[in-house]
A.B. asks: 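This is the structure I want to talk about, given as structure tokens.
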Amino acid sequence: MPRVILGVCGGIAAYKSVELLRLLTQAGYEVNVIPTQNALRFVGIPTFEALSGNPVNTSLWDGGGNVTHVDQGLSADLIVIAPATADFMARSTSGIASDLLANILLTATAPVVLAPAMHTQMWEHPATRANVDLLRKRGYIILDPDTGPLTGSDVGSGRLPAPKQIFDAIEAQLHANTGALVGRHVVISAGGTQEDWDPVRFIGNRSSGKQGVALARAALAAGARVTLVAGHMDIDPPAGAEVVRALSGEQMHKVLVSLMGEQPDCVVMAAAVADFRPVALSATKIKKAEGVQNIGLEQTTDILADICAQRGTGVAPLIIGFAAETTANSDELTKLARGKLAAKGANAIIVNNVSDGQIFGSDNTEVLLVESHNVTGPIRGSKLNVAHAVVHRLAELLGPLDSGVPASKE
Ligand code: CTP
């Protein structure tokens, strides 16, 4: 997992860096916290050490014979400073290396994300504006502060952006456009289907759409044209994707079959399609008194199996399915995924353990990407992080753009 340095400057918003630290570690990142001396007036070293699981250095003179700031700066995959104060940004513009954090910043080659927090007057002061402009020109990502209640009774611009917003900016930077899917068309189904019973009832499932949407975001970041076939989702589709709504399995089937006609390069079936639907849709609400005898179920079409059968063998598109299983044993998961690979004819199955419903709706996950002769994973962390790893493998399987067909049909 990438290594992130979390710099914390001395401002009241320093307490929010603790929540950011938690988001980062929960998503699986290795985090080293570097607070300034003033940051320690607001949050103590034990909090940062306990939550990061790493020792916290504050001085250039810690670390014995190691040149800590150079080691740390060079080995980081990303540096985030939250909160970044007006003073810290002013020092950064002229390369003043008066503390460990400023030294690390001078040695860093990784992307730098700054999340400023200060009073409105300080944020709007011409000196701060000039410093922000200069740092942005040098390539630093500087988030605009939020507007809202400040420390005192006043309201204005200068609040630290929400930790989740900073976290999303970090992930976007870590997975910045690799260009691996430029010129490719990727179709992704997401969310859960709803199979209507009568005007008020349906059969549904717990899918939130988060993994499918994360895949769409990762494919877009890699430069693909993305069509998102959306069932019921708890979240909005990402900007930039072409969205086709398909609430029932039958609608989703029709949409996928028609999209196959566009000859996409890849189809990922991340949607949780209901396996059963009511035999008949009642035009009127079924009354309790009618009992359960009128409620028959039939199987829905297996869309994944059907589009794989339509495609035939050895030709595009690359088709990836998902499997939700209830075992934690990775050999068992691989075996179950291989069974589904063979049964459905897909190129790969992304399998996860959904025991206790712990994956549904969560921001984090753990999966294996199983092909017939290769297993990638376990891939863990945020659903976006997992999506980037899947997109990376997908680009490998597709091969160079001019080859036209997947490198291999596993
Ligand atoms: N799928 C589909 N159409 C269906 C049901 C599932 O396209 N009617 C797809 C899902 O989008 C997923 C994959 O099939 O990519 C695996 O679905 P899953 O429900 O795990 O497998 P099933 O074949 O339904 O087997 P079982 O429920 O018995 O495990």
Side-chain angles (χ1 to χ4, degrees), residues 186-196 202-216 219 227-233 244-260 264 266-279 297-311 317-329 332-355 357-360 365-372 377 383 386-387 390-391 393-394 397 410:
V186 179
V187 173
I188 298 167
S189 71
T193 65
Q194 296 183 342
E195 311 300 329
D196 288 345
F202 59 80
I203 298 179
N205 57 65
R206 291 181 197 275
S207 174
S208 62
K210 284 183 179 172
Q211 187 61 77
V213 166
L215 280 162
T227 305
L228 185 74
V229 183
H232 170 79
M233 307 199 303
V244 187
R245 300 276 174 183
L247 264 191
S248 70
E250 198 182 342
Q251 285 164 2
M252 194 170 275
H253 184 215
K254 273 198 194 124
V255 171
L256 262 300
V257 167
S258 126
L259 283 167
M260 286 290 280
C266 180
V267 179
V268 186
M269 280 297 299
V273 185
D275 287 320
F276 308 102
R277 68 166 168 238
V279 174
L297 293 177
E298 64 184 7
Q299 256 187 21
T300 56
T301 306
D302 188 321
I303 306 171
L304 177 60
D306 189 55
I307 58 173
C308 287
Q310 281 190 28
R311 169 196 58 174
L318 191 72
I319 300 183
I320 316 250
F322 269 75
E325 305 292 355
T326 44
T327 171
N329 180 296
E332 190 69 15
L333 283 171
T334 304
K335 205 169 134 208
L336 289 165
R338 292 231 160 99
K340 262 173 204 171
L341 259 187
K344 304 204 185 200
N347 298 81
I349 293 283
I350 298 166
V351 62
N352 57 13
N353 169 22
V354 293
S355 308
Q358 57 195 347
I359 301 294
F360 295 109
T365 189
E366 177 175 330
V367 306
L368 295 172
L369 197 161
V370 179
E371 299 154 50
S372 56
K383 287 186 173 171
V386 167
V390 168
V391 162
R393 180 64 186 144
L394 210 145
L397 288 171
E410 286 287 330

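Counting convention: from 1, in listed order, for ligands and their atoms alike. Positions are given from 1, in the same order as the sequence printed here.
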A.B. asks: Quick test of your reading of the structure: of H253, E250, K340, whose heavy atom lies closest to atom 18 (P) of ligand 1?
C.D. replies: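 The residue whose heavy atom sits nearest atom 18 (P) of ligand 1 is K340.
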
A.B. asks: Search all heavy atoms of L215 against all heavy atoms of A270 and return the closest pair with its distance.
C.D. replies: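 Closest approach of L215 to A270, heavy atoms only: CD1-CB, 4.2 Å.
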
A.B. asks: Using a 4.0 Å cutoff against the non-hydrogen atoms of D275, which atoms of ligand 1 qualify?
C.D. replies: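 Matching atoms, with element in brackets: 5 (C), 19 (O), 24 (O), 27 (O).
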
A.B. asks: Return a yes/no value for F322: is any of its N or O atoms, backbone included, closer than 3.5 angstrom to an N or O of ligand 1?
C.D. replies: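 Yes - when backbone and side-chain N and O of F322 are compared with those of ligand 1, one distance drops under 3.5 Å.
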
A.B. asks: On a heavy-atom basis, I'd like to know which of E325, M252, K344 is closest to atom 22 (P) of ligand 1.
C.D. replies: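 Heavy atom nearest to atom 22 (P) of ligand 1 belongs to K344.
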
A.B. asks: Which value, rounded to the nearest 0.5 Å, describes the distance between T227 atom OG1 and L259 atom CG?
C.D. replies: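 Between atom OG1 of T227 and atom CG of L259 there are 5.5 Å.
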
A.B. asks: Please classify the T301 to ligand 1 contact at 4.0 Å (heavy-atom distances, strictly less than): side chain, backbone, both or neither.
C.D. replies: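 For T301, only backbone atoms sit under 4.0 Å from ligand 1.
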
A.B. asks: In Å and rounded to the nearest 0.5 Å, what is the CD to OG1 distance from E250 to T193?
C.D. replies: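 So the CD of E250 and the OG1 of T193 are separated by 11.0 Å.
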
A.B. asks: Which protein non-hydrogen atom lies closest to atom 3 (N) of ligand 1, naming both residue and atom, and how far is it?
C.D. replies: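 So the nearest neighbour among protein heavy atoms is I303 N, 3.0 Å.
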
A.B. asks: With T334, which residues qualify under side chain to side chain contact (heavy atoms under 4.5 Å, CB included), at least two apart?
C.D. replies: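 Result, side chain to side chain contact (heavy atoms under 4.5 Å, CB included) vs T334: R338, L368, V370, V375.
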
A.B. asks: With only distance considered, is V273 within less than 3.5 Å of ligand 1 through an N or O on each side?
C.D. replies: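 Between V273 and ligand 1, no N or O pair is found under 3.5 Å apart.
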
A.B. asks: How close do G192 and N205 get, counting heavy atoms only, and between which atoms?
C.D. replies: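 Looks like CA-OD1, 3.5 Å.
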
A.B. asks: Output the list of atoms in ligand 1 that are nearer than 4.0 Å to some heavy atom of T300, sorted by atom number.
C.D. replies: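 Close to T300: 8 (N).
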
A.B. asks: Write down the atom of D196, the atom of F202, and the distance for their closest heavy-atom approach.
C.D. replies: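 Result for this residue pair: OD1-CB, 3.6 Å.
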
A.B. asks: Nearest 0.5 Å please: distance from the OG1 atom of T300 over to the CD1 atom of I203.
C.D. replies: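 Reported value, rounded in 0.5 Å steps: 9.5 Å.
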
A.B. asks: Considering all heavy atoms of both residues, which atom of L397 and which atom of E371 are nearest to each other, and what is their separation?
C.D. replies: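 Heavy atoms of L397 and E371 come nearest at CD2-OE1, 3.6 Å.
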
A.B. asks: For atom 10 (C) of ligand 1, which candidate among C308, A271, G321 holds the nearest heavy atom?
C.D. replies: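 Checking each option, the heavy atom nearest atom 10 (C) of ligand 1 is found in A271.
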
A.B. asks: Would you kindly specify which portion of A324 sits under 4.0 Å from ligand 1, judged on non-hydrogen atoms: side chain, backbone, both or neither?
C.D. replies: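 The answer is the backbone.
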
A.B. asks: What verdict does the side chain to side chain contact (heavy atoms under 4.5 Å, CB included) test give for K335 and T327, after you've listed the backbone C-alpha separation in whole Å, the side-chain angles of each residue and the deciding distance to 0.1 Å?
C.D. replies: CA-CA 11 Å; K335 205 169 134 208; T327 171; over 6 Å; no

A.B. asks: Give the atoms of ligand 1, by number and element, whose distance to some non-hydrogen atom of L304 is under 4.0 Å.
C.D. replies: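 This gives 2 (C), 7 (O), 9 (C), 13 (C), 14 (O), 15 (O) as the contact atoms.
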
A.B. asks: Look at atom 28 (O) of ligand 1 and say whether a protein heavy atom is found at less than 4.0 angstrom from it.
C.D. replies: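 Answer no: nothing from the protein, no heavy atom, is under 4.0 Å.
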
A.B. asks: I'd like to know whether CD of Q299 has more than 12 heavy-atom contacts from other residues, nucleotides or ligands below 6.0 angstrom.
C.D. replies: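 Open.
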
A.B. asks: Please list, in number order, the atoms of ligand 1 under 4.0 Å from a heavy atom of M269.
C.D. replies: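 By the 4.0 Å cutoff, the relevant atoms are 7 (O), 11 (O), 12 (C), 15 (O).
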
A.B. asks: For A323, is at least one N or O under 3.5 Å away from an N or O on ligand 1?
C.D. replies: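 Min N/O separation from ligand 1 is not below 3.5 Å for A323.
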
A.B. asks: State if L256 counts as touching ligand 1 under the rule of any non-hydrogen atom under 4.0 Å.
C.D. replies: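 Contact absent.
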
